Amino acid sequence: MERRQFKIGNMDCAGCAREVESAVGKLEGVHFARVDFFSNELQLIGDVEFERLRTQVEAVGKTISAGDTAEERPGGAAKRSGILGFWDYLLSRSSSRLALVGGILLLIAIVADVLRLLPPDLGNALYALAMLVAMKPIAESGFNALRVNRKFNINMLMTVAAVGALLLGEFLEAATVIFLFAIGEALEGYAGDRARDSLRSLMALKPATANRIVGDRSEVVPVEALQAGDFIRVLPGEGIPVDGGVTAGNSAVDQAHITGESVPVEKGPGQDVYAGSINGAAALELRVSRRSEDSTLSRIIDMLQNAQSRRAPSQRLIDRFAHYYTPAVTLAAVGVAFIPPLFFGGSFWTSAEGTGWLYRALSMLVIACPCALVISTPVTVISAITAAARRGVLIKGGAPLETLAGSRVFAFDKTGTLTRGALSVEATYTENCVEGPDCEPCSELISLAASVEAQSTHPFAGAILEMAAKTGCAFGSATGVETLAGHGIRGEVNGRRVTVGSHSYFDEEFEHTSDLCEVAAAIEEKGKSAVMVHDGEVVRGVIALADEARPESADVIAALGEMGIESIMLSGDNKHVAESIARQVGVERYYGELLPADKVAAVEKLTARHHVVAMVGDGINDSPALARASVGIAMGGAASAQAMETADIVLLAQGLRQLPRTIRRARFARNLIRENVALSFGLKAVFLLLAVTGNVTMLAAVFADMGMSLAVTLNGMRALRE
């Protein structure tokens with residue numbers, strides 16, 4: 001069934017998104033509907049005509065379009081910020097323009113009242129007119145939500161409160177409450193729009209055109225027209241439009257927006273570049289490796305836009321609470337209005353002190369708005385996720401963000417994560433080796449191993465193939481190649497079954513001389529890897545491979561320790577290699593000789609003991625363990641589509657430097673969420689109590705509600721700067 005996307009307009013808060021979601025979900029033929037407030041997107045699965053869809057969306061006071069609107073497209077007119085930006089926002093919306101007209105009428109009425117320019121009845125009529133003008137879109141939204149969704153929303157509550165105040169003769173209060181509420185909703189929408197601009201800034205990194213090379217000339221074409229295999233030229237200072245490989249030229253490329261690297265990276269022939277990076281001082285010619293919609297930047301933007309589908313646990317809890325909160329407060333307000341007058345002799349209408357039970361109930365309705373509570377989590381989550389993306393870290397939603405913040409145990413893969421993963425052949429040993437590393441038996445050993453390893457992506461394979469190229473060893477093409485998970489690889493070479501594997505595997509499967517066994521053991525005791533080769537008849541020899549720890553690994557492990565995090569290393573290498581690397585990087589607990597299934601089992605045991613365990617890997621061989629961990633973190637994701645798809649969090653650059661800062665950012669966001677929830681709950685409780693006891697006016701209540709919505713929004717947006 002077709003999945004479609006639409007843009008929704010006129011949404012001021014997360015509650016608006018839920019109203020549209022609920023209304024669309026009631027249409028016949030709709031199987032799934034989700035609205036994300038921060039991307040303004042409706043994700044829809046089902047068979048429904050666009051006209052029916054538009055009618056339903058407009059019935060709850062929102063707009064819908066089939067594609068990006070001019071306002072949403074990156075690269076449009078620059079938006080003003082601050083007061084001028086808010087003024088532009090007000091004028092762009094019909095509901096806000098009506099609020100401004102109502103505000104002008106309210107100001108005229110107040111001036112006339114103070115200066116006694118109008119008779120009291122005419123002044124009250126002007127207050128009522130101001131209220132009705134500003135209230136029109138609010139009342140329409142409230143009644144339509146009741147009609148379509150069968151729910152009382154905040155607009156309906158405010159309409160009832162304002163009409164009730166009018167009936168009580170509080171004309172000034174009724175008009176002022178509605179005006180302040182309308183402006184407050186617009187302010188909330190404007191603040192959310194500022195948060196969305198952070199995501200739009202990433203979208204704006206994508207150039208609209210590219211210089212495609214055709215023969216001896218170049219032509220300007222839309223980026224969408226480029227195909228894999230095309231050649232393009234990127235001039236100095238231009239944005240790189242698509243992912244590709246450099247074919248000519250040398251230049252420093254600023255890819256901070258993609259990988260988070262703080263300084264430009266030198267790029268030359270054979271090296272990869274990513275869409276959204278900025279070329280330096282020299283022209284580059286590139287061969288396109290991915291179409292625009294498949295580029296690393298496009299995948300990052302898509303995942304960010306879908307991040308809200310993985311809602312944080314606190315957000316899911318608050319959404320469930322808000323579902324029952326508004327009806328509960330409404331029923332409580334009805335009880336406050338009628339029970340004391342009916343059973344305890346209280347005054348239903350305004351008393352001499354101006355605190356009749358109806359007025360108290362109306363004040364409760366004003367403060368009942370759940371907007372501050374509902375928006376307290378998502379605005380923080382999207383701000384933190386967007387800030388991380390701008391620094392080269394992709395977090396796929398609020399759930400991974402909160403889980404990362406609560407993780408106290410991190411399991412690290414060794415090869416390619418704590419170590420460079422760029423193994424090199426240090427030495428070769430054969431029974432008949434008499435002339436050193438370039439002797440004929442050693443060349444044959446490398447040739448046999450390379451024939452099989454040519455079809456492998458394991459780091460061992462790269463080192464062996466590099467050695468073959470370096471020494472000029474010719475090697476054949478193996479057939480029937482199969483991977484021996486955690487042990488090695490084998491295949492047919494010139495009719496012989498060649499096996500390349502670990503020393504421990506060979507101890508179990510193939511007889512070999514004590515000399516070769518001692519050589520392999522000595523290699524492993526030095527913290528290196530020993531690979532043995534069997535040619536179908538005998539074990540031909542041993543290849544010594546060495547890896548080294550990443551320069552930042554020890555600092556990262558130390559930084560995590562200072563944050564109260566325990567680091568554990570999981571390795572497929574023998575215990576001597578694992579011990580050597582663990583000692584170099586400062587890891588106290590480590591496990592060696594683990595097959596892929598053993599790594600998964602190790603993560604499961606750690607999770608059973610510690611409840612929350614993060615797994616960090618390179619995203620190539622660690623997919624099962626990453627998927628099993630509470631939160632999977634892949635490194636080097638900019639060059640690996642598999643890492644980007646598998647992990648919950650992706651460090652787009654190679655290396656671990658961004659990990660400690662990402663954890664701190666997650667913890668900061670979690671603290672902001674807790675602050676926002678506590679402030680929202682606390683203020684609601686205090687003002688509901690004041691309303692019931694008659695110690696608060698509706699004006700104070702609407703000021704408090706509007707102020708809290710803005711406070712939690714601005715507080716949550718602090719995560720953008722972390």
Side-chain angles (χ1 to χ4, degrees), residues 270 415-416 421-524 526 528-547 572-574 577 593 595-597 618 620-621 642:
T415 304
L423 294 166
S424 60
V425 174
E426 280 210 339
T428 53
Y429 303 88
T430 63
E431 292 283 4
N432 303 315
C433 179
V434 293
E435 300 177 10
D438 296 328
C439 69
E440 184 176 346
C442 288
S443 295
E444 290 179 356
L445 180 70
I446 293 294
S447 179
L448 283 173
S451 298
V452 181
E453 295 284 11
Q455 298 185 40
S456 172
T457 59
H458 194 279
F460 286 4
I464 291 171
L465 292 172
E466 183 181 0
M467 186 64 176
K470 182 179 178 180
T471 58
C473 290
F475 55 90
S477 178
T479 59
V481 175
E482 57 179 318
T483 299
L484 307 171
H487 297 301
I489 191 170
R490 65 187 174 197
E492 298 288 332
V493 180
N494 297 327
R496 292 184 292 174
R497 191 173 186 80
V498 175
T499 303
V500 183
S502 65
H503 180 207
S504 59
Y505 179 68
F506 269 56
D507 277 345
E508 296 177 1
E509 298 293 328
F510 301 110
E511 290 186 6
H512 48 279
T513 66
S514 59
D515 289 343
L516 287 179
C517 191
E518 290 174 3
V519 166
I523 291 170
E524 292 175 341
K526 294 177 182 177
K528 302 173 184 177
S529 299
V531 173
M532 306 185 80
V533 181
H534 187 269
D535 68 355
E537 296 179 358
V538 297
V539 175
R540 296 290 295 270
V542 184
I543 302 173
L545 298 134
D547 193 6
D573 281 326
N574 66 80
V577 174
E593 300 180 0
L595 303 177
D618 59 10
I620 300 173
N621 308 317
Q642 181 182 0

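Index from 1, following the sequence. The model shown is predicted, which means the values in this text are computed figures rather than measured ones.
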Ignoring hydrogens and angles, write down the donor-acceptor pairs under 3.5 Å from the side chains of residues 485-494, residues two or more places apart or on other chains.
| residue | atom | partner | partner atom | Å |
| --- | --- | --- | --- | --- |
| R490 | NE | E482 | OE2 | 3.0 |
| R490 | NH2 | E482 | OE2 | 3.4 |
| E492 | OE2 | R497 | NH1 | 3.2 |

* C473/E444 under side chain to side chain contact (heavy atoms under 4.5 Å, CB included): CA gap, chis, key distance, verdict -> CA-CA 8 Å; C473 290; E444 290 179 356; over 6 Å; no
* To do: Please lay out, stage by stage, how M532 and E509 fare under the test side chain to side chain contact (heavy atoms under 4.5 Å, CB included).
  => CA-CA 12 Å; M532 306 185 80; E509 298 293 328; over 6 Å; no
* Asked: When you look at F460 and V500, which way does the side chain to side chain contact (heavy atoms under 4.5 Å, CB included) test go after all the steps?
  -> CA-CA 10 Å; F460 286 4; V500 183; over 6 Å; no
* **Parallel, tilted or perpendicular: rings of H534 and F510 (30°, 60°)** =>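 The rings of F510 and H534 lie parallel, inter-plane angle below 30°.
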Quick one: pull up [atom1] in [X] and [atom2] in [Y] and give me the separation to the nearest 0.5 Å.
{"X": "L445", "Y": "E440", "atom1": "CG", "atom2": "CD", "result": "12.5 Å"}
{"X": "I543", "Y": "K528", "atom1": "CD1", "atom2": "NZ", "result": "14.5 Å"}
{"X": "I446", "Y": "E453", "atom1": "CD1", "atom2": "CD", "result": "10.0 Å"}
{"X": "I464", "Y": "L545", "atom1": "CD1", "atom2": "CG", "result": "5.5 Å"}

Which atom names give the shortest non-hydrogen contact between [X] and [Y], and what distance separates them?
{"X": "A478", "Y": "Q455", "value": "O-NE2, 2.7 Å"}
{"X": "V425", "Y": "A463", "value": "CG2-O, 3.6 Å"}
{"X": "S529", "Y": "I523", "value": "O-CG2, 3.7 Å"}

* Evaluate the criterion side chain to side chain contact (heavy atoms under 4.5 Å, CB included) for residue pair Y429 and D515; output intermediate values, then yes/no. => CA-CA 10 Å; Y429 303 88; D515 289 343; over 6 Å; no
* Asked: Sub-3.5 Å donor-acceptor pair from the side chain of S451 to the main-chain atoms of S447, do we have one?
  ->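 Yes, S451 side chain to S447 backbone: donor-acceptor pair under 3.5 Å.
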